[in-house]
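Down below is the structure, laid out as structure tokens.
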Amino acid sequence: MDLLEDYRRATFFFETGDPLGAARLLEPIVEAEPHNTAVRQLLARAYFNSAQLNGAEAQLRVLVEHDPSDHYAHHVLGRTLERAGRFREALPHLRLAAAMKTQTDYQEALRRVETWLGKSDGGVGSRP
């Protein structure tokens, strides 16, 4: 197996709107190269884009555990949890990402989840 060529093909599949095809190519690469964060991140994104949220969460948790300062991994993990309806779990990851890097989509995701939880004012909401 030519891992680099498979990674290039997976990237092409992902960029052309085939996240399932990308994931199929990336899974064995992550297995062969478990410490390759670029491959793991692309696999997480492929899972997210194909609504395989459990797979995305698993990959992103590995990335966050490996590098707690990875703002992008925190953001996508928060978005994954948000998409799964797990807003309370999403909130700390989205807050971290927004605090680490000023980016419009980070702020928007954080506001969305805070609003959903009734925490826009910074208080502790009681709604689920």
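Side-chain atoms are counted along with the backbone in the values below, which use heavy atoms only and exclude waters and symmetry mates.
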For the atom pair NZ (K101) and CD (Q107), what is the distance rounded to the nearest 0.5 Å?
12.0 Å

Run the side-chain hydrogen bond (donor to acceptor under 3.5 Å, both in side chains) test against D67 and tell me which residues pass, sequence neighbours left out.
S69

With a 4.5 Å limit on heavy-atom distance, are the side chains of R112 and R79 in contact?
yes

Could you give the distance from CG (L53) to CD (E82), rounded to the nearest 0.5 Å?
11.0 Å

Partner of Y106 by ring-ring contact (aromatic ring centres under 6.0 Å, His included), out of H74, H75, H93
H75

Output for pair (L3 CG, N36 CG), nearest 0.5 Å, gives 9.0 Å

Value rounded to 0.5 Å, distance of CG in L42 from CG in L26:
4.5 Å

Gap between atom CZ of F13 and atom CZ of R9 - 0.5 Å precision:
5.0 Å

Which residues share a salt bridge (charged side-chain N to carboxylate O under 4.0 Å, His left out) with R86, sequence neighbours left out
E57, E89

If the condition is salt bridge (charged side-chain N to carboxylate O under 4.0 Å, His left out), which residues does R8 pass it with, not counting sequence neighbours?
none

Who pairs with Y72 by side-chain hydrogen bond (donor to acceptor under 3.5 Å, both in side chains), at least two apart in sequence or on another chain?
R45

Heavy-atom side-chain proximity of L81 to F87 below 4.5 angstrom:
no

Residues sharing M100's hydrophobic cluster, by side-chain heavy-atom contacts under 4.5 Å among ILVMFWY, directly or via others?
L96

Residues 16-27 vs side-chain hydrogen bond (donor to acceptor under 3.5 Å, both in side chains), sequence neighbours excluded, gives E27-Y47

Approximate separation, where rounding is to 0.5 Å, of H35 NE2 and R40 CZ
8.5 Å

Looking only at atom types and distance, does a side-chain atom of R95 sit under 3.5 Å from a main-chain N or O of L110, one as donor and one as acceptor?
no

Would you call E114 and R111 a salt bridge, taking side-chain N to carboxylate O under 4.0 Å as the test?
no

